[in-house]
Amino acid sequence: MLEVRGLDVRYGRTHAVRSVDLDLAEGEIVTVLGANGAGKTSLLRALQGAVRAADGSIRFAGEDLTHASPADRVRRGMMLVPEGRQIFVSMTVHENLMMGAYLRSDGDWMRDLKEVYDRFPNLAERRDMKASVLSGGEQQMLAIGRALVSRPRLIMLDEPSLGLSPLFVNNLFELIRELNRGGISILLVEQNTAMALETASRGYVLELGRVVLADTAEALAGDPALAAAYLGGH
Ligand code: ATP
C-alpha cells in the first residue's frame with residue numbers, strides 16, 4: 001500500500017533522511033525505530049508532505065504522491081498524528097474533532113465523528129470544554145480521534161506514547177491494535193521499542209537517516225545489537 005524508494009530529506013546542509021526504502025502492506029502495523037535525531041520525524045513529515053522529498057519516491061495505494069500536497073495525501077487516506085499531538089488547546093474538544101473533517105468532501109463525516117465519541121466516552125463528556133483541560137492521555141485520544149474523522153486508510157503516529165503514564169501507554173497500544181483490526185494500516189514511530197515491537201509485524205531501524213536494519217518485529221526484538229542500543233531503557 002505504501003512504497004517508499006530512495007527517499008532523501010535535506011534541511012540545508014543537514015541530510016536528515018538518506019535513501020530510505022520502506023514498504024507497508026495494507027493491514028500491516030510497521031514500526032520505525034531509532035535514537036533521537038535519527039530522522040524518524042523527518043521521514044514522517046516527508047510522507048505527510050510537510051517537507052519536500054529531495055530525492056526518491058512515495059507511492060500510496062497505487063499512486064505516485066511524491067509531489068502531492070499534504071491535503072491531497074489526506075484525501076487519499078494518509079493521516080499523520082504528529083509528535084506532541086498538536087491539538088488546538090484554545091478550541092473545544094468538538095472543534096478539534098471537526099478539524100479532522102475539514103478535507104472531507106463527502107457528507108458522511110458526521111457518522112465518523114459519532115463513532116469517535118462512541119469510542120472515546122471521555123471526549124464525548126468533555127465535548128464543549130477547551131482541549132487545554134484534557135489530560136495528556138486524553139489529548140492523545142483527541143489527536144487520534146481527529147485523525148479518525150478524516151477516515152484514514154493509513155495512520156502515521158509520531159511517538160504517541162511520549163509523556164504518557166504507563167497505564168495509558170498500555171491503553172494506547174491496545175487502541176492501535178484495535179484500529180488495525182478495524183482495517184486501518186499503521187506506521188508507528190516510537191521510542192518505546194519493546195512495546196512497538198510487540199505491536200508491529202515488521203520494523204525498520206534508522207541511524208543517521210539510513211535504514212540499518214529491516215526485519216520482522218520478532219527478529220528485531222531478538223537482535224542483540226538492537227537490544228543493546230534501544231531495549232535497555234524500556
Ligand atoms: P526525535 O526523536 O528527536 O524527533 P528524529 O529521529 O525524529 O528525532 P528528526 O527530528 O527527523 O529525527 O531529525 C533528523 C535530523 O534532522 C537531526 O539532525 C535534526 O537536527 C535535523 N532536523 C530536523 N528538523 C530540522 C529542521 N526543521 N531544520 C534543520 N534541521 C532539522
Side-chain angles (χ1 to χ4, degrees), residues 2-24 29-58 60 65-70 73 78-87 136-137 139-140 143-144 147 154-166 168-169 172-173 176 185-200 202-215 217 220-221 223 225-234:
L2 177 67
E3 203 181 284
V4 178
R5 290 292 172 269
L7 186 70
D8 273 347
V9 175
R10 292 172 186 272
Y11 306 102
R13 283 196 198 148
T14 307
H15 200 170
V17 174
R18 298 166 183 247
S19 198
V20 164
D21 293 344
L22 180 148
D23 289 279
L24 180 146
I29 302 179
V30 170
T31 187
V32 177
L33 308 170
N36 282 346
K40 307 178 299 295
T41 297
S42 300
L43 169 64
L44 289 190
R45 298 196 73 217
L47 294 177
Q48 177 200 25
V51 298
R52 197 174 71 77
D55 204 351
S57 65
I58 299 164
F60 180 71
L65 298 187
T66 314
H67 305 292
S69 68
R73 298 178 203 217
M78 294 175 80
M79 192 68 187
L80 175 71
V81 177
E83 188 174 357
R85 348 271 189 236
Q86 311 277 340
I87 58 171
Q139 291 192 357
Q140 186 56 269
I144 294 175
L154 168 68
I155 293 188
M156 303 179 280
L157 295 155
D158 195 356
E159 311 227 355
S161 76
L162 205 67
L164 299 184
S165 65
F168 200 84
V169 170
L172 171 75
F173 279 92
I176 290 170
S185 308
I186 310 276
L187 186 61
L188 175 64
V189 163
E190 257 300 336
Q191 294 273 341
N192 191 333
T193 305
M195 290 288 272
L197 289 175
E198 267 175 44
T199 309
R202 290 187 307 109
Y204 294 82
V205 179
L206 289 187
E207 241 174 65
L208 298 175
R210 285 187 199 286
V211 174
V212 291
L213 280 170
D215 213 327
L220 290 176
D223 189 297
L226 186 70
Y230 304 112
L231 292 172
H234 296 289

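Remember, it's 1-based here, ligands and their atoms both numbered in the order they're listed. Since the structure is predicted, the reported quantities are computational estimates derived from the model, not experimental observations.
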May I ask you to identify the nearest protein heavy atom to [atom], giving residue, atom name and distance to one decimal place in Å?
| atom | value |
| --- | --- |
| atom 30 (N) of ligand 1 | Tyr11 CD1, 3.4 Å |
| atom 13 (O) of ligand 1 | Ser42 OG, 3.9 Å |
| atom 21 (C) of ligand 1 | Thr14 CG2, 3.9 Å |
| atom 1 (P) of ligand 1 | Gly37 N, 3.8 Å |

For [X], take its heavy atoms, then give the atoms of ligand 1 lying under 4.0 Å from any of them.
| X | value |
| --- | --- |
| Gln191 | 2 (O) |
| Ala16 | 14 (C), 15 (C), 16 (O) |
| Glu159 | 2 (O) |
| Ala35 | 6 (O) |
| Ala38 | 5 (P), 6 (O), 12 (O) |

### Task
Among Thr31, Ile29, Ile186, Leu172, find the residue that satisfies the side-chain contact (heavy atoms from CB on, under 4.5 Å) test when tested with Thr199.
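That would be Ile29; it is the only one of Thr31, Ile29, Ile186, Leu172 passing the side-chain contact (heavy atoms from CB on, under 4.5 Å) with Thr199.
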### Message
Does the protein place a non-hydrogen atom closer than 4.0 angstrom to atom 19 (C) of ligand 1?
### Response
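Answer no: nothing from the protein, no heavy atom, is under 4.0 Å.
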### Message
I'd like to know if Arg45 contacts ligand 1, where contact means a heavy-atom distance under 4.0 Å to any ligand atom.
### Response
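Outside the 4.0 Å threshold, so no.
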### Task
Measure the distances from the heavy atoms of Gly34 to every atom of ligand 1 and state whether one is below 4.0 angstrom.
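Gly34: no contact with ligand 1 (<4.0 Å).
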### Steps toward salt bridge (charged side-chain N to carboxylate O under 4.0 Å, His left out) verdict (Arg210, Asp21)
CA-CA 9 Å; Arg210 285 187 199 286; Asp21 293 344; over 6 Å; no
Side chain of [X], backbone of [Y]: donor and acceptor closer than 3.5 Å?
| X | Y | answer |
| --- | --- | --- |
| Ser42 | Ala16 | no |
| Lys40 | Gly34 | yes |
| Asp8 | Ala54 | no |

Are [X] and [Y] close enough that a side-chain donor and a side-chain acceptor fall under 3.5 Å?
| X | Y | result |
| --- | --- | --- |
| Tyr204 | Arg202 | yes |
| Asn192 | Glu159 | no |
| Ser161 | Glu190 | yes |

### Message
I'd like to check whether Gly39 has a polar contact with ligand 1, where a contact means an N/O of the residue lying under 3.5 Å from an N/O of the ligand.
### Response
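Yes.
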### Query
Heavy atoms only: which of Thr41, Asn36, Val189 is nearest to atom 3 (O) of ligand 1?
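Nearest heavy atom to atom 3 (O) of ligand 1 lies in Asn36.
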### Query
Does Arg18 pair with Asp55 as a salt bridge, N-O distance under 4.0 Å?
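Asp55 and Arg18: not salt-bridged.
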